[in-house]
4 protein chains.
Amino acid sequence: MTLRRHLYNLLELRDEKPLSGQILNGVLLLLILVNVLAVILESVEQYHRSYASWFWYFEVVSVAIFTIEYLARVWVSVEEVRFGKGWRGRLRFICSPLALIDLLAILPFWLSIFFSIDGRVLRVFRLLRVFKLSRHFSVLEVLGTVLRNESKTLLSAIFVMIVLVILASAGIYMVEREAQPQAFGNIPRAMWWATVTLTTVGYGDVVPVTVAGRIFGILITVLGVGMAALPAGIIASGFTAELARRRDLYELTARKLLQDGDIDARDRRQLIKTREELGLERIDAQQLLRKVSMSSPSVEKTAPQHCPHCGKPLHLSHKNGSQPGA
Amino acid sequence: MTLRRHLYNLLELRDEKPLSGQILNGVLLLLILVNVLAVILESVEQYHRSYASWFWYFEVVSVAIFTIEYLARVWVSVEEVRFGKGWRGRLRFICSPLALIDLLAILPFWLSIFFSIDGRVLRVFRLLRVFKLSRHFSVLEVLGTVLRNESKTLLSAIFVMIVLVILASAGIYMVEREAQPQAFGNIPRAMWWATVTLTTVGYGDVVPVTVAGRIFGILITVLGVGMAALPAGIIASGFTAELARRRDLYELTARKLLQDGDIDARDRRQLIKTREELGLERIDAQQLLRKVSMSSPSVEKTAPQHCPHCGKPLHLSHKNGSQPGA
Amino acid sequence: MTLRRHLYNLLELRDEKPLSGQILNGVLLLLILVNVLAVILESVEQYHRSYASWFWYFEVVSVAIFTIEYLARVWVSVEEVRFGKGWRGRLRFICSPLALIDLLAILPFWLSIFFSIDGRVLRVFRLLRVFKLSRHFSVLEVLGTVLRNESKTLLSAIFVMIVLVILASAGIYMVEREAQPQAFGNIPRAMWWATVTLTTVGYGDVVPVTVAGRIFGILITVLGVGMAALPAGIIASGFTAELARRRDLYELTARKLLQDGDIDARDRRQLIKTREELGLERIDAQQLLRKVSMSSPSVEKTAPQHCPHCGKPLHLSHKNGSQPGA
Amino acid sequence: MTLRRHLYNLLELRDEKPLSGQILNGVLLLLILVNVLAVILESVEQYHRSYASWFWYFEVVSVAIFTIEYLARVWVSVEEVRFGKGWRGRLRFICSPLALIDLLAILPFWLSIFFSIDGRVLRVFRLLRVFKLSRHFSVLEVLGTVLRNESKTLLSAIFVMIVLVILASAGIYMVEREAQPQAFGNIPRAMWWATVTLTTVGYGDVVPVTVAGRIFGILITVLGVGMAALPAGIIASGFTAELARRRDLYELTARKLLQDGDIDARDRRQLIKTREELGLERIDAQQLLRKVSMSSPSVEKTAPQHCPHCGKPLHLSHKNGSQPGA
């Protein structure tokens, strides 16, 4: 095994990672967390004043480690089949979302050495390192899949939301602008109340006070409940559909493996691998297997394997090409 | 192809639209968005004062374009099969929801030339142009279908909401009116608090202060969580049911096509068309196809009715053991 | 048809009601709505002072009509099969929930003639007439079924809610009582904040101000999101399960009718009746029928109706008792 | 039956508990509720001052009873199969969650006799007795199962929540810190607003006032609706999946029992036991049974293999038209 392959295993492999890889990833995870904590604490004036140099040293060390990590990941990326070989494969890796997040975590620092960058912008980019965590939380995958699958429907919910915000702010502007010009004097200003109400956040810093305004407000708060229900409904349906999809896929695989006859050790390994890839619970998989094995074998029972008259096998072997009657 | 047919293709056809049609629709979409933005900005006093004439010119140009668009749509509507031919078809188009929205976007302007209409009313109708966007967002279709399917159940949720608001406002009026006559002095006034609480918006501009009022308030806030859960539950169930319905429909189509024998090129085209009409994901459709092709015909194929060697029928009675021909 | 049967049809029959029955029910519905409105308006001091006698006359007329309605319903209740005949049937009707609601709407008035009852209590009972509406909204049935099915799970959610409120109020009392003794001075007082926060209502009349209080508050607000998610999830699952149950029941009925052979006019009537009883959409029922007729007939195809050797029918008629070989 | 077995039946058996066991459990349940109430009331200064000795006596009696209960449970725990025999079994019981809760309810009191413990800490632990209730509410089991099954997905939602809170507080700190240094002067301080907004609680004690802050706030409130939708969606999907799992399990059991032939009295008892273990409604189980009995064996019954008249096999080859025996 080459050094590159070894390093790839340390950095990338997810489940059968060796202990050294687990430690390395744990250290990187911790470093991200401490980085985020550092940015948060540095925003407190008194900590910033007292420990400015420590924050600076920590930043330099962090960027150094993250840069080495980034370069290492680029180097070993060709080990992954999906990116392909050579510099083309590396370029494809560099353009992948996770690699861009890694780049964003270090680039601003290096640019700030050559160019003068506002400290505030730098701080924002340092906080974006929080996204580096997503590499370490594989549970996010299901959530991501559901949100991607439902993205169109969620977009239509956001569209409805925007239309409702516009109409609600226009309406409250009509009925309330004279009573409270400060809060509802024009539509853009009224949008603050409209959004806060339709999302059921309800700060209460601006509220309608006239009778007409309150009647309109009652209408909008009720619409807000419906509005807030839309994403919940969409996401609930998305999770249900995704689980059903994965269960169906597992069932199909199991049915296919069962069609060839009994389940042997190789089939069993493939079933376990399929289950893990789909993220199904062990108990779910067992139940699906029982269901499949109960439904299909009845076919095999009524479908005899040999002719009861001549005793020959029924299923013509399509492989060695023997002809019936030959 | 006639001019009318050509114009129809430019305006109406959704998916295989030519580039010119895409540009035309893009321009119309942009015009709607700028119109909405203009109404919002014009409500700001300082912009209104500074750019009043520009707003006016833009309004005139917009109405001109929307009027031409409306007349063109009426003219070409007979090309669409579902409306039918001749003036009767056009009348049916004019009464369709999307055409009424288009009419509402321009009619107030033309009426304001002949009649004196209050500027505020005009502005409201100009904002209703935002509904013209719905023609351009096909994703809204699923949302609309779900809301239509669940409309009865959602209505019953709204009915429960109204009953709860009435009872909650009567209850808080009973216990809190003497402590805070300004906020809870009569039932209509108490309704503001009841709605704001039951929808979990919770502005906090009026809150119960007596012990009895707070105990009653705790009851109502808890009921509010249940209340807000109803539409979320109904919509979630609606989306799940709609997706299941579409998947079933696709499965039925696939099963029917498979019954006649193998899937040929024509069947495949129909499957793709069905999938697109139902808005199913490609991966969902593939999985359903695999499921269908694995469940039904494979049984008949693997279970021959006669021995291929001696030609005799295979199915013996396993119970009384009698031999065929014996 | 007797007068009692005639009156029963006017009052009770739901779908095939004659026009006269529809008008009668419309009038009763309107009367309930105006009654509720009257109670709401009478709570406004100025209306009460100006129109006190009108409110009184309206109340007397309403109670008269509701009393006649109640007595009529009691009289005709024996026409309904499920209550049984005679005075025992009537007593069973009187104890049914809908009849108790009707009684509650009139009893306080009649009692107030003989006994002196506080006007406030009377007003509460008059408002309870809003429940009389439930007789007129059949859509509430599905909602009621779902809530009844999920009642156990919803109760466990309420139990979790109560435990969380107790722990949250004890927690905030620990950390915040010295900073704000007025709001968090003892646990019962702190419960107001805990409930308002855990239900995500968030009035903002009392909020933690110390650092420890805010950290604890952040924890509780996040728990509140989870808390509010429980009923939404339970109700969503309840609606999905109820719809699946009804679809399954329709499928079972259809499958049973198909087993006997072709669908004749009588079967079709029964299918329509089943669909209406289950409240399924016409399009859903059609799809289920297509699914059933596609899955089972393949059995009928491979299962011949007549013996290919002797031509006699295979399915021994269990009805006329003819013996094979006879 | 030994005394230990008798006591075990009194304390542990859930459904077929004898009356004496029901009374004992009722008394224990009541004692827990009164304990919780006592802690709540004791936090009110005036009650504490007036009835301090009564609270103390009640505490001593409660701890005495709970201690006896705990010792009894430890003693009889070896009767339960899953813990195993002897002191090893008892140790396993002592480490089980329910037993730890029981221990936590009494340990602080006994420790306070030997060591000096702060009264406030003692009070917290006394309130934890509320968890002792979970032993008495079996409905919590489904809720617990769903939350356990979905724990990974819920954790990923919490992870997204934390990331959003960090980014939202950093964002509002950027745009609002100069206008309101008291509320948004550093990121930790801004987190209060970010959490309160993203959970849609919306107290309104701190709100953005600048234009940039409000635009950012609008973005965050909308994200908050999506955020609050995540757990609702996950829990809804979890309940739906759990119900489907239990129905599938019941169907599998029923199918297996049917495969051996008819359903006899023993099968029926097992079906009832399975239904109760799975917590399925009686009506659900009946429908599933009808479905199972209609799908599988009826086919074999209605499709005979041989003509009942001439005894010859029925299945002819419909494709090449060859006659059997020809």
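All chains are named by letter (A, B, ...) in the order of the sequence lines, taking the proteins before the strands, and each is independently numbered beginning at 1. As the structure is a prediction and not an experimental result, all values here were calculated from the model.
In terms of heavy-atom proximity, D:Met161 sits nearest to C:Val222 at CE-CG2, 4.3 Å. Smallest separation of non-hydrogen atoms from D:Arg290 and C:Lys256: NH2-CD, 4.4 Å. The heavy-atom pair separating D:Ala228 from C:Val225 by the smallest distance is CA-CG1, 3.8 Å. Shortest non-hydrogen contact noted between C:Pro208 and D:Trp192 is CG-CH2, 3.5 Å.
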With side chain to side chain contact (heavy atoms under 4.5 Å, CB included) as the test, would you mind laying out the steps for C:Asp248 and D:Arg247 before giving the verdict? CA-CA 13 Å; C:Asp248 270 18; D:Arg247 286 168 62 108; 3.6 Å; yes
Assess whether side chain to side chain contact (heavy atoms under 4.5 Å, CB included) is satisfied between D:Leu133 and C:Phe159, documenting all intermediate values. CA-CA 10 Å; D:Leu133 288 171; C:Phe159 172 75; 3.6 Å; yes
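Per-residue heavy-atom pair counts under 4.5 Å with chain D were compared for C:Ala157, C:Pro188, C:Gly238, and the maximum is reached by C:Pro188. Of the listed residues (C:Asn186, C:Val209, C:Leu167, C:Ile166), the greatest number of heavy-atom pairs within a distance under 4.5 Å of chain D belongs to C:Asn186. Among C:Leu155, C:Leu230, C:Thr153, C:Thr240, the residue with the largest count of heavy-atom pairs under 4.5 Å with chain D is C:Leu230.
Contacts between D:Ile40 and chain C at a heavy-atom distance below 4.5 Å involve backbone atoms as well as side-chain atoms. Both the backbone and the side chain of D:Leu140 have a heavy atom closer than 4.5 Å to some heavy atom of chain C. If you measure heavy-atom distances from D:Val165 to chain C, you find no contacts under 4.5 Å at all.
Within a 6.0 Å sphere centred on CZ of C:Phe216, heavy atoms belonging to other residues, nucleotides or ligands number more than 12.
Panel note: side chain D:Ser43, backbone C:Ile187; a donor-acceptor pair is recorded below 3.5 Å.
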